[in-house]
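One structure below.
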Amino acid sequence: MTDGLNNAQIAWRAAQDIEDGAYVNLGIGFPEMVASYEVEGRHVTYHTENGVLGFGPAPEPGEEDWDMINAGKKAITLKPGASFFHHADSFAMVRGGHLDVAILGAYQVAQNGDLANWRAGSRAVPAVGGAMDLVHGAKRLAVITTHCTKDGKPKLVEECTFPLTGLGCVTRVYTSHALVDIEDGRFLLREKLPDISLDDLQAMTGAKLHIDGDVAGLNAPVLDHA
Amino acid sequence: MTDGLNNAQIAWRAAQDIEDGAYVNLGIGFPEMVASYEVEGRHVTYHTENGVLGFGPAPEPGEEDWDMINAGKKAITLKPGASFFHHADSFAMVRGGHLDVAILGAYQVAQNGDLANWRAGSRAVPAVGGAMDLVHGAKRLAVITTHCTKDGKPKLVEECTFPLTGLGCVTRVYTSHALVDIEDGRFLLREKLPDISLDDLQAMTGAKLHIDGDVAGLNAPVLDHA
Amino acid sequence: MNKKIASIADAVADIPDGATIMIGGFGGSGNPIELIHAMIDRFRETGSPKDLTLINNNAGNGRIGIAAMIDIGMARKIICSFPRSSDPRAFTEKYQAGEIELELVPQGTLAERIRAGGAGIPAFYTPTSYGTELAEGKPTATFDGKNYVQERWLKADFALIKAEVGDSYGNLTYRLAARNFSPLMCMAADRTIVQVSSFVEPGGIDPETVVTPGIFVDALVEVQKPQQEEVLIRAGESYV
Amino acid sequence: MNKKIASIADAVADIPDGATIMIGGFGGSGNPIELIHAMIDRFRETGSPKDLTLINNNAGNGRIGIAAMIDIGMARKIICSFPRSSDPRAFTEKYQAGEIELELVPQGTLAERIRAGGAGIPAFYTPTSYGTELAEGKPTATFDGKNYVQERWLKADFALIKAEVGDSYGNLTYRLAARNFSPLMCMAADRTIVQVSSFVEPGGIDPETVVTPGIFVDALVEVQKPQQEEVLIRAGESYV
């Protein structure tokens, strides 16, 4: 069995589907990597929950202004045409469906689109941030994730066992091994690694992978895993 | 029976009760006259529903900028320290109880504080504007009005017969003949014209005038009725 | 990304019959006269758009702008707080003839319903109108001993907006008190079309002073030295 | 009218035990460190204010600001969306010892609840958290076939805010992304106390660019060159 795409490659694949002119929110952590692979010639505007539209990459070390950060509290820069606004306006953008795409990480995604990504165990201090808002915010809610957990458990499941972030919200999942859409309560396989068999992929997946039309090859250029 | 105070004098009397530092909304029409009698040495900030705080008197004719108007669509000027904001923020100021005083006109005020001031008959095109918001907006909601209608009917009544603007909202009424507070579902007479008897005043009033403590004289300087 | 549209006729070309249209402005302040007149021009040429539902604080004044649209029969319904003006003939005549429907909404509730539409809040409670005829048929609830009316969000197919400065991403500022309902309407429409008096490149507006961020704007058209409704009315102009 | 207060100690002198306090900022951005430390100074001298309920997006970081207040036992409860940070020891230890109560609120719901408190909206419906454990016990409703949770307004006795420029009437602007929750909190507190980096006379802020109108502000104190939480944390500072 193959390791599949590394995180950089998963992020790259997700970036290919972001349309020119899109307004996009990238979740804290791994999803932020998607911004590194913006497709040449497309203009993407990034939104961060704490009230910035149109921010750019991190400044050089030492150049940070800590009044200008993203939702992960990392320093950002501004692109021309950026704007600042308060938190209620920021979440009006989210909840009001003004974002085109939100890309989040996941502990589990269920075949009906349920997402669990905010709380893995019960011991840790619970913290939700903007996750529960973002899952209701974008026209397309995509998840990027390894296909299985580090100890080999499927992350695409029939039903989430971790506490839910939102119900029936995920529309597409980019994993290390496959690209899966969620439609009518089913996982629809759109792309898979060329060198993995359908049976092997199904064995790694916690719910039935349906096929409706061609299954394309999931490909990404060689990219260092940051 | 005396004619009582003219409108300018009623407005003057209402102006005496506006505290230094108060944020005030004056209803369209007659209530706007209150601003003419701002008490020397007190700083009053006027709010208008269409999104201005801190406006001043009308500009000279010919000096109007019609992008700077009040809720009555009249041209205004700005005082230093003014601000502009959108309608949702403007009514957050109102509904959120941030105004200290709102002063409105009335068709009828009932002894329980109900106000009818938006619709007198059923034939005319109905129009409500911000009246129903303002009655829930200020810490003190005052009404200024003649004591009776032009054909001698009382405006202070047991129960409003005109369509209501708001329930139990009026706290004080300034009339041509009296100053009346509303407390516990009763009209409490605070001031009356010195030259009118209690019996005559009661005869002009559609509900019982209660007395709790001294009744002071209602006085105002001679003012031209604009 | 460039949301700029070359002509004002193009800007309103897609509005279909039956559309619900929010129109910015409070009286003449912020009223997008040129966009409205472009719709009227199209209606005269093609018979569309008609059967419109208009959302504005008022119902037009005189014989220009919204009043002219109503007068020539483009609107089937208006949602507003105050359908009166210095010259309310156009609306009054249609209303009394039963030819236009009126949904009267208290001004603050109108603003908040539009904001709710833009913010993804399907319903909220307000003390405004509780116990009055404008609350008839609406759900009510009591919180902490006080009574409130439940109001629903208000959305539109289009918003027609007048702004002062805009950039190609759709970031906007407004002139003086002319913003009024416009920043809310930009949020609440599927397609927000804006006439700006002055067009700048991205970066031409200080990010701290942007009033409407570009995410809420779909199309901009430059109208230098725009007309002002109040000025036109005082000059006795007519577009009927 | 002059809302300026001479000293930062005076600005926080009236806050009683048991108060509910909104504190502006998102992490270090917009965090009013000097006002918080003035409260800590007062607590050390007088034992007050204590038993506080704090409302902020986070629950402090390192050993300064909100984290220091929690660490030295001034807070009995915190309402926030994300009680984690680069150094969350202060809150984590109190929480795991059962010495501080946590009300966890999704970030957008927290912002909207605060706005609702300021805007006189006692309750609203949001899709956020529907079907999750954070919605347990809350009323729900269905609008147009979609499910929503009813959320209540959030108000406070005090708001402590960091702004950039302020005038004596309380009009405010904010620096870069540091506004975040602050304009909402200014609306939702009985008494809003603001530290400004720069103080100007009325008229010193363009009326079109005022972010928080003075009606929402009760007191201002000038703190030139304010400290920035993130910078202090990176420098290893402690106020415990």
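Just so we're on the same page: letters track the sequence lines, and every chain starts at 1.
- From B:Leu141, atom CG reaches atom CG of B:Leu115 across 6.5 Å, with rounding to the nearest 0.5 Å.
- C:Ile114 does not touch chain B: none of its heavy atoms, backbone or side chain, sits under 4.5 Å away.
- The line from CD1 of B:Ile10 to OG1 of B:Thr146 is 6.5 Å long, rounded to the nearest 0.5 Å.
- Chain B forms more heavy-atom pairs under 4.5 Å with one residue of C:Gly28, C:Pro127, C:Gly25, C:Gly27 than with any other, namely C:Pro127.
- Remark: the backbone N or O of B:His87 is not paired with any side-chain donor or acceptor of C:Asn180 at under 3.5 angstrom.
- With chain C as partner, the option from B:Ala124, B:Gly166, B:Ala71 having the largest number of non-hydrogen pairs under 4.5 angstrom is B:Ala71.
- In terms of non-hydrogen atom pairs under 4.5 Å with chain C, the most contact-rich of B:Gly130, B:Gly137, B:Pro126 is B:Pro126.
- The side-chain tip of B:Lys208 does not point at the ring of B:Phe187 from less than 6.0 angstrom away and within 45° of straight on.
- Of the inter-residue distances, the one linking B:Asn6 atom CG with B:Ser176 atom OG reads 9.5 Å to the nearest 0.5 angstrom.
- In this structure, the portion of B:Asp65 lying under 4.5 Å from any heavy atom of chain C is its side chain and not its backbone.
- Looking only at distances, a side-chain donor or acceptor of B:Gln108 sits under 3.5 Å from a matching main-chain atom of B:Thr161.
- Using modelled atom types, one finds a donor on one side chain and an acceptor on the other under 3.5 Å when comparing B:His47 with B:Asn25.
- A donor-acceptor pair is defined here as one N or O able to donate and one able to accept, closer than 3.5 Å; no such pair exists between the side chain of B:Thr171 and the backbone of B:Arg140.
- For B:Phe55, no part lies under 4.5 angstrom from a heavy atom of chain C.
- A distance of 13.0 Å separates NZ of C:Lys225 from CD of C:Glu34, quoted to the nearest 0.5 Å.
- The closest side-chain donor-acceptor pair between C:Gln107 and B:Asp133, if any, does not fall under 3.5 angstrom.
- Both the backbone and the side chain of B:Val125 come within less than 4.5 Å of a heavy atom of chain C.
- Taking the side chain as every heavy atom from C-beta outward, B:Asp17 and B:Tyr174 approach each other to under 4.5 Å.
- B:Phe84 touches chain C through backbone and side chain together, each having a heavy atom under 4.5 Å away.
- With values rounded to the nearest 0.5 angstrom, B:Arg186 atom CZ is found 6.5 Å from B:Asp212 atom CG.
- A salt bridge links B:Glu183 with B:Arg190: at least one charged nitrogen is closer than 4.0 Å to a carboxylate oxygen.
- Looking at B:Thr165, only its backbone comes within 4.5 Å of chain C, counting heavy atoms on both sides.
- Within residues 73-96 of chain C, the residues having any heavy atom closer than 4.5 Å to a heavy atom of chain B are C:Ser81, C:Phe82, C:Pro83, C:Arg84, C:Phe91, C:Thr92, C:Tyr95, C:Gln96, listed by residue number.
- A side-chain donor-acceptor contact under 3.5 Å links B:Asn117 to the backbone of B:Gly105.
- Residues from residues 143-153 of chain C never place a non-hydrogen atom less than 4.5 Å from a non-hydrogen atom of chain B.
- Between chain B and the options C:Gly30, C:Ala178, C:Ala111, C:Ala177, the largest number of non-hydrogen pairs under 4.5 Å is found for C:Ala177.
- For C:Asn31 (side chain) and C:Glu229 (main-chain N/O), no donor-acceptor pair under 3.5 Å exists by modelled atom type.
- Distance check, rounded to the nearest 0.5 Å: CZ of B:Phe91 to CD of B:Glu49 gives 5.0 Å.
- Below 4.5 Å, heavy atoms of chain B meet heavy atoms from C:Asn57, C:Asn58, all part of residues 52-71 of chain C.
- Neither the backbone nor the side chain of C:Val211 has a heavy atom closer than 4.5 Å to any heavy atom of chain B.
- For C:Arg113 and C:Glu103, the salt-bridge test passes: some basic side-chain N is under 4.0 Å from an acidic carboxylate O.
- In this model, no donor atom of one side chain and acceptor atom of the other lie less than 3.5 Å apart for C:Thr126 and B:His136.
- Interface residues of residues 231-240 of chain C toward chain B, defined by a heavy-atom distance below 4.5 Å and sorted by number: C:Val231, C:Arg234.
- The closest side-chain heavy-atom distance from C:Ser198 to C:Glu164 is not below 4.5 Å.
- Remark: side-chain polar atoms of B:Gln16 are paired, donor with acceptor, to backbone N or O of B:Trp12 under 3.5 angstrom.
- Looking at B:Thr205 and B:His147, their side chains do bring a donor and an acceptor atom within 3.5 Å of each other.
- Checking side-chain atoms of B:Arg42 against main-chain N and O of B:Ile18 turns up a donor-acceptor pair under 3.5 Å.
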